[in-house]
There are 2 protein chains.
Amino acid sequence: MVDVAREAGVALRTVSRVVNGDATVGDQLAERIRRAIDHLGYQPDERARQLRSGRTGTIGAAVRHIADAHPVLRAIDESARGVGLTVVAMSTEDDEERERDAVMSMCRRRMDGIIIEPIADGHQYLQAEIDSGLAVVAFDRPATGVAVDTVLSDNRGGIQQAFAHLAAQGHRRIGYIGDDERIYTGRERAAAFREALSGIGEPLDGMVHPGPIEQERIAAALESLRRRAEPVTAIVTGNFNTTVALIRALGPDFGSTALVGFDDFGLADLLRPGLTVVAQGDVEIGRTAIELFRSRLAEPGGPVRTVTVPTRLIVRGTGEIGP
Amino acid sequence: MVDVAREAGVALRTVSRVVNGDATVGDQLAERIRRAIDHLGYQPDERARQLRSGRTGTIGAAVRHIADAHPVLRAIDESARGVGLTVVAMSTEDDEERERDAVMSMCRRRMDGIIIEPIADGHQYLQAEIDSGLAVVAFDRPATGVAVDTVLSDNRGGIQQAFAHLAAQGHRRIGYIGDDERIYTGRERAAAFREALSGIGEPLDGMVHPGPIEQERIAAALESLRRRAEPVTAIVTGNFNTTVALIRALGPDFGSTALVGFDDFGLADLLRPGLTVVAQGDVEIGRTAIELFRSRLAEPGGPVRTVTVPTRLIVRGTGEIGP
DNA sequence: CTGAAAGCGCTAACAT
DNA sequence: ATGTTAGCGCTTTCAG
């Protein structure tokens with residue numbers, strides 16, 4: 001920058017004005033400075049600029065993994081761009097320590113705030129940062145031990161949709177395989193399923209299989225649902241990974257049992273039969289997260305809000321197999 | 001930091017030493033400073049630190065989209081972490097202007113370098129940054145107009161693998177549908193396919209269909225391959241998106257024609273029959289990119305290298321259908 | 001409308 | 001082993 005000023009024969013401040021599009025610079029002078037900038041290939045140092053000005057215009061996204069397909073992140077990115085914010089994403093790997101690392105790294109970079117997909121437990125550490133002005137929005141799962149704006153899917157409603165759809169085809173013996181109940185979404189979805197099954201007067205025992213997403217565990221759950229005196233005629237899965245593992249476990253039997261999966265995915269329509277799913281409102285979740293984020297930035301002391309985004313049943317075939 | 005120094009009753013420099021793990025600080029003093037840090041919830045300002053020290057330890061990754069599944073990005077991230085580098089990813093959306101924006105933004109943040117998945121044309125603008133010390137590594141496609149270290153898949157070898165596999169089952173009338181030839185990988189793969197088909201003495205006319213990845217275009221290409229006097233008995237697709245579009249176009253006929261797709265994907269084994277693919281060496285590509293990056297950083301004037309990573313045929317079913 | 005000086009939070013280079 | 005001073009590249013006062 002000092003080189004630019006010298007080349008154009010002006011003071012530093014004047015170069016700064018041109019770089020920031022300040023109108024109070026004479027036209028010819030501005031033009032001369034711009035030429036000097038181009039000539040020298042000058043790029044302002046974002047760090048120095050932020051350091052001095054205080055603002056960053058950057059929002060950190062702590063998501064499970066930046067290398068995985070992540071429709072909500074896409075929506076966050078697009079919404080943010082629309083309002084002039086830059087999104088920088090980092091991976092948490094669903095690991096508490098990694099999450100903390102990512103969040104701390106974001107704090108050290110003095111980002112305006114973070115959007116986080118929280119891991120299991122203990123987000124108390126966020127409180128200190130929030131107190132010192134960090135805007136925090138959680139999505140997919142609530143943060144624990146600290147009050148922050150949150151965007152959630154209607155997990156219970158989604159399970160009810162899936163269940164009602166199967167029940168409407170005449171199924172009564174419907175099983176559930178899903179994520180560990182230590183995880184918020186796993187807990188919500190399993191609970192909603194139990195409620196639904198009880199609601200039609202069916203006994204619960206052995207019909208609900210929450211647990212870790214491991215191929216063996218899922219295969220065993222499937223076996224247990226099929227080996228009953230009265231085998232299940234339909235299954236609901238609690239998330240994408242469970243659905244995929246179950247389809248693998250079913251092997252050639254895929255298509256013989258009715259199935260509705262939680263979470264939509266790009267290739268669900270390529271399966272034969274197509275997979276009926278409960279899709280989450282990814283775009284709306286992302287959009288809402290940015291909205292909450294901006295409100296929080298604008299009014300740090302405002303009331304903490306939680307928004308629930310509805311799910312949608314997508315009919316493709318597996319959910320329409322009769323009992 | 002000044003608060004910490006005051007609270008602990010020491011000079012700024014001493015706090016800095018503790019923060020940076022400098023051993024030349026008395027144990028009790030260090031302990032007292034650490035307590036003050038915890039007490040005040042102090043987090044060093046990464047920007048100021050970088051500004052002063054010159055290093056950043058950060059590498060920018062300009063990839064197609066941060067919200068898409070991207071196995072190479074995962075490998076880059078992991079390899080980088082292993083050597084103490086932080087990866088910050090940004091989206092290019094396969095748009096030249098967006099790519100430039102992303103790269104410029106990385107330069108303004110004074111990252112040590114960038115790893116880029118280049119768009120079609122014109123990377124001359126990178127030259128100025130390279131001259132001023134930016135380390136640049138391209139992957140998947142070469143950058144145009146500048147000499148940078150590059151990691152590529154063995155596109156030609158991959159197509160040869162696919163072709164040879166089908167030819168070994170007795171196929172001779174093999175068609176190709178792939179990406180636009182304006183894109184490097186599309187060009188390489190189509191060229192390799194033409195060479196292979198000519199190599200077994202088959203005429204080329206109407207057998208090779210490069211073009212944009214649009215459902216209608218792919219469906220039309222399929223029709224044209226089937227409507228021949230002697231219809232094709234096998235098809236090779238040029239990339240993931242083409243493969244998916246072709247499977248959609250085939251509909252219930254999927255499994256009646258032999259098929260090998262370029263690019264592996266997570267759900268390829270769930271199709272019935274399973275999809276035979278040519279998989280790229282994602283992990284090795286990522287690992288190599290980081291390696292080249294570090295060499296470049298260590299020796300900015302060293303010779304520019306291009307590394308080609310082999311592909312691998314994964315047999316799952318569609319490639320083993322007879323003529 | 002333009003310029004000089006101060007300082008954002010930190011670390012490098014010297015003292016001591 | 002610890003403290004002092006200067007300055008990274010920029011923007012923000014405040015004078016001209």
Side-chain angles (χ1 to χ4, degrees), chain A residues 1-37 40-58 86 104-112 129 132-134, chain B residues 1-37 40-58 86 104-112 129 132-134:
Chain A
M1 183 152 166
V2 57
D3 294 339
V4 173
R6 192 174 32 218
E7 167 127 352
V10 296
L12 273 165
R13 177 67 250 244
T14 313
V15 178
S16 172
R17 283 210 173 89
V18 171
V19 169
N20 292 311
D22 192 325
T24 70
V25 178
D27 283 358
Q28 306 162 33
L29 199 56
E31 190 46 41
R32 200 167 76 211
I33 292 168
R34 260 189 291 273
R35 248 200 311 276
I37 287 173
L40 275 72
Y42 164 77
Q43 292 276 104
D45 187 319
E46 192 60 34
R47 301 165 303 181
R49 157 180 250 178
Q50 286 180 14
L51 185 55
R52 187 58 244 239
S53 71
R55 323 175 220 98
T56 76
T58 304
T86 302
M104 286 313 173
S105 157
M106 289 167 180
C107 290
R108 282 194 302 274
R109 277 148 211 258
R110 299 294 189 268
M111 297 189 168
D112 291 345
E129 312 302 332
S132 51
L134 187 75
Chain B
M1 183 152 162
V2 57
D3 295 338
V4 174
R6 192 176 32 219
E7 169 128 351
V10 295
L12 273 169
R13 179 67 248 237
T14 313
V15 177
S16 171
R17 282 208 173 89
V18 171
V19 168
N20 292 308
D22 191 325
T24 70
V25 178
D27 284 356
Q28 307 162 32
L29 200 56
E31 190 46 41
R32 201 167 75 211
I33 292 169
R34 261 190 290 273
R35 248 201 311 277
I37 287 173
L40 275 71
Y42 164 78
Q43 292 276 105
D45 188 322
E46 191 59 34
R47 300 164 305 180
R49 164 180 243 177
Q50 286 180 13
L51 186 56
R52 181 64 245 232
S53 71
R55 338 176 208 94
T56 77
T58 303
T86 302
M104 286 312 171
S105 158
M106 289 167 179
C107 291
R108 282 194 301 273
R109 279 149 210 258
R110 298 294 187 270
M111 298 188 167
D112 290 345
E129 311 302 332
S132 51
L134 187 75

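None of these values were measured; they are calculated from a predicted model. Hydrogens, waters and symmetry mates are skipped; everything else that's a heavy atom, side chains included, is used.
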Inter-end axis angle, the helix from dC1(C)-dG16(D) to dT16(C)-dA1(D), with every axis fitted to five base pairs (rounded, 10 degrees) | 40°
Work out which heavy atom in [X] is nearest to a heavy atom in [Y]; give both atom names and the distance.
X: Ala8(B); Y: Ala36(B); result: CB-CB, 4.2 Å
X: Gln50(B); Y: Arg109(B); result: OE1-O, 4.4 Å
X: Cys107(B); Y: Leu134(B); result: SG-CD2, 4.0 Å

Could you tell me which residues satisfy salt bridge (Lys or Arg N to Asp or Glu O under 4.0 Å) with Arg110(A), sequence neighbours excluded, listed by chain and number?
->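 Here the qualifying residues are Asp45(B).
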Quickly work out the Arg6(A) CZ to dG3(C) P distance and round it to whole Å.
-> 16 Å
Rounded distance (Å) that lies between atom P of dG3(C) and atom CG of Asp22(A) =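 Spelled out: CG on Asp22(A) to P on dG3(C) is 13 Å.
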Rounded to the nearest 0.5 Å, what's the gap from CZ on Arg32(B) to CG on Asp27(B)? Could you check?
-> 13.0 Å
Under 3.5 Å, is there a donor-acceptor pair between the side chain of Thr56(B) and the main chain of Asp112(B)?
-> yes
Please list all pairs passing the side chain to side chain donor-acceptor pair (under 3.5 Å) test where one or both residues lie in residues 1-13 of chain B, with sequence neighbours left out.
-> Asp3(B)-Arg6(B)
Would Gln43(B) and Glu129(A) count as a side chain to side chain contact (heavy atoms under 4.5 Å, CB included) if you check the C-alpha gap in whole Å, the side-chain angles of each, and the deciding distance to 0.1 Å?
-> CA-CA 10 Å; Gln43(B) 292 276 105; Glu129(A) 312 302 332; 4.2 Å; yes
Contact class for Thr14(B) vs. all strands (heavy atom < 4.0 Å): base, sugar-phosphate, or nothing?
->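 Counting heavy atoms under 4.0 Å across all strands, the contact made by Thr14(B) is with sugar-phosphate only.
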Starting at the 5' end of nucleotides 10-16 of chain D, put B wherever the base has a protein heavy atom under 4.0 Å, S where only the sugar-phosphate does, and a dash everywhere else.
-> BBBB---
Side-chain donor-acceptor pairs under 3.5 Å in residues 16-24 of chain A, sequence neighbours left out?
from	atom 1	to	atom 2	distance (Å)
Asn20(A)	OD1	Arg49(A)	NH2	2.3
Asn20(A)	ND2	Ser16(A)	O	3.1
Asp22(A)	OD1	Thr24(A)	N	3.0
Asp22(A)	OD1	Thr24(A)	OG1	3.0

Evaluate the side-chain proximity of Met1(A) to Pro44(A): yes if any heavy-atom separation is below 4.5 Å, no if none is.
-> no
Of the residues in residues 25-37 of chain B, which ones touch DNA chain C at a heavy-atom distance under 4.0 Å?
->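 The answer is none.
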